[in-house]
> 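This structure is in structure tokens; I'll ask about it shortly.
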Amino acid sequence: MAEPVAPKVAILVPCYNEASTIQKVVEDFRRVLPDAEIYVFDNNSTDGTADVASKVGARVFLSPLQGKGNVVRHMFDVVDADWYIMADGDDTYPASEAPRLLQSAISTAADMVVGIRLDRFTTKSFRRFHKFGNRLISGLISKLFGVKVSDALSGYRVFSRAYVRGVPITSSGFQIETELTLHAITKKFVFLESPIEYGERPEGSHSKLNTYRDGMLIVSTIALLFKDYKPLPFFSVAAAVFVALSLLTGSLPIIEYYQTGLVPHFPRAILAASLALCGLLSLAIGIILDTSNKYFREHYEMHRKVLLSLRKDDRG
């Protein structure tokens, strides 16, 4: 019998101005996973990050569309492997954890394993409000989608080939980690969380995340994906708000009509009726989109089955 072929592993490192750390990151991953191919995607760095990565043996791709989401989309499009390990180039994610995370994914057949940072970290690992914001966003996802999520913003992840080939990336910036998590939830991929030790940025390395701007983008991404994948609950809430406002606005005209037989506050009556119609319209939109969403989910599952059968045929 032929010996089983070792899975092809790719290490993906998105970078923007990480010349001070990228050499150590590449060397650390090569030491713990010597058979893996290391890819560095340089996102318009001005400090020579690409040159440093190339000199230490990484395969370097220039990724011109600015934003981490655009870089992740580029990585998923051009790199071919059986398993993918993604980590930032700032040396905050320990390469020593990569073999354990990879083995966890392979042994459990998980499509995504997330290295969660909130158990083991230093006092300087997180910037001000970042830990609180992360817990808030993770809790929001857990409540809305009914799945336990501990660290939605972690950039240390292992992906299966099926996941990388099966999800559309639409985010352009730092909301990409949230989108990756939500795709795993909504598309029924198996994902696990595993604690890692989260380090702090070395001297001279600076975070590119804007606390408030990127935080708002992440929250808006959650809301939009909730609308797309859970349209009935989303529009039902909107309908309930409209109906509540309609009752609140129309209570006075209704009371006056029963008392006097007249409607002296006619504009309020029109507003109340309009709000009630908006509520009914929102509910109808939710029902229609939920039906359409069910059809597309079934279509997506059939597409996945076709891809899986083709993979089996290719491997004999």
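Keep in mind that this is a model prediction, so the values were computed, not measured. As a basis for the values below, the full set of heavy atoms in this structure was taken, side chains included, without hydrogen atoms, waters or symmetry mates.
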> Donor-acceptor pair, Ser154 side chain versus Val114 backbone, under 3.5 Å?
no
> If only atom types and distance count, is the side chain of Ser142 paired as donor or acceptor with the main-chain N or O of Val147 below 3.5 Å?
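Yes.
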> Is the gap between the ring centers of Phe41 and His74 under 6.0 Å?
yes
> Please write out which residues are connected to Ile287 in a hydrophobic cluster, directly or through intermediates, given that two of Ile, Leu, Val, Met, Phe, Trp, Tyr count as joined at side-chain heavy-atom separations below 4.5 angstrom.
Leu232, Leu283
> Testing Asp47, Val56, Val13 one by one against Ile22 for a side chain to side chain contact (heavy atoms under 4.5 Å, CB included), which residue passes?
Val13
> Any chance you could lay out the salt bridge (charged side-chain N to carboxylate O under 4.0 Å, His left out) test for Asp80 and Arg161, step after step, and finish with the verdict?
CA-CA 8 Å; Asp80 182 68; Arg161 180 186 181 91; 2.6 Å; yes
> Going by the side chain to side chain contact (heavy atoms under 4.5 Å, CB included) test, name the single residue among Val243, Thr249, Leu248, Val241 that passes it with Leu275.
Thr249
> Taking atom types as modelled, find out whether Ser160 and Asp111 have a side-chain donor-acceptor pair closer than 3.5 angstrom.
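Side-chain D/A pair, Ser160 to Asp111: present.
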> Can you name the closest pair of heavy atoms from Ile106 and Pro7 and give their distance?
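Scanning both residues, the minimum pair turns out to be CD1-CG, 4.3 Å.
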> Where do Tyr16 and Asn44 come nearest, in terms of heavy atoms and distance?
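Smallest interatomic distance, heavy atoms only, reads CE1-O, 3.6 Å.
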> Quick one: pull up CD in Glu197 and OG1 in Thr92 and give me the separation to the nearest 0.5 Å.
11.5 Å
> Strictly distance-based, threshold 3.5 Å: is any side-chain N or O of Ser107 a donor or acceptor partner for the main-chain N or O of Gln103?
yes
> Sub-3.5 Å donor-acceptor pair from the side chain of Arg30 to the main-chain atoms of Glu37, do we have one?
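No.
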> Say you draw a straight line from OG of Ser274 to CZ of Phe242; how long is it, rounded to the nearest 0.5 Å?
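Those atoms lie 11.0 Å apart.
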> Is the backbone of Glu18 close enough, under 3.5 Å, to the side chain of Thr49 for a donor and an acceptor to pair up by distance?
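Present.
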> Salt bridge (charged side-chain N to carboxylate O under 4.0 Å, His left out) between Arg100 and Glu97: does it pass, once the steps are laid out?
CA-CA 6 Å; Arg100 180 178 63 82; Glu97 300 277 11; 2.7 Å; yes
> Could you tell me whether the side chains of Thr181 and Arg157 share a donor-acceptor contact shorter than 3.5 Å?
yes
> Tell me the closest heavy-atom pair linking Asn43 and Lys68, and the distance in Å.
OD1-N, 4.5 Å
> Please walk me through it: do Arg59 and Val40 pass side-chain contact (heavy atoms from CB on, under 4.5 Å)?
CA-CA 6 Å; Arg59 292 188 61 181; Val40 171; over 6 Å; no
> Is a side-chain donor-acceptor pair under 3.5 Å present for Ser171 with Glu179?
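Looking only at side-chain atoms, Ser171 and Glu179 do form a donor-acceptor pair, the distance falling under 3.5 Å.
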> Between atom NZ of Lys227 and atom CG of Leu289, what is the distance when rounded to the nearest 0.5 Å?
7.5 Å
> Please list all pairs meeting ring-ring contact (aromatic ring centres under 6.0 Å, His included) that have one or both residues in residues 137-156, counting only residues at least two apart or in different chains.
Tyr93-Tyr156, Phe145-Phe226
> To the nearest 0.5 angstrom, please state how far the CD1 atom of Ile141 sits from the CG atom of Leu153.
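It comes to 7.5 Å.
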> Identify the two heavy atoms, one from Val113 and one from Leu101, that lie closest to each other, and give their separation to 0.1 Å.
CG1-CD2, 4.0 Å
> Run the side-chain contact (heavy atoms from CB on, under 4.5 Å) check on Tyr39 and Phe61 step by step: do they pass?
CA-CA 7 Å; Tyr39 298 83; Phe61 287 81; 3.5 Å; yes
> What's the separation between atom CG in Asp91 and atom OG1 in Thr21, rounded to the nearest 0.5 Å?
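One gets 6.0 Å once the value is rounded to the nearest 0.5 Å.
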> Measure across Ala10 and Ala81 and return the closest heavy-atom pair with its distance rounded to 0.1 Å.
CB-CB, 3.7 Å
> Counting distance only, does the side-chain N/O of Asp290 pair as donor-acceptor with the main-chain N or O of Gly286 below 3.5 Å?
no
> Please report the closest heavy-atom contact between Gln23 and Val52, naming both atoms and the distance.
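That closest heavy-atom pairing would be CB-CG1, 3.9 Å.
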> Would you check if Leu192 and Thr108 make a side-chain contact, meaning some heavy-atom pair closer than 4.5 Å?
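Contact flag for Leu192/Thr108 side chains = yes.
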> Could you verify whether a donor N or O on one side chain and an acceptor N or O on the other, from Ser54 and Asp51, lie under 3.5 Å apart?
no
> For the ring pair Tyr84 and Tyr163, is the centre-to-centre distance below 6.0 Å?
no
> Going from CZ on Phe29 to CG on Leu12, what distance comes out if it is rounded to the nearest 0.5 angstrom?
10.0 Å
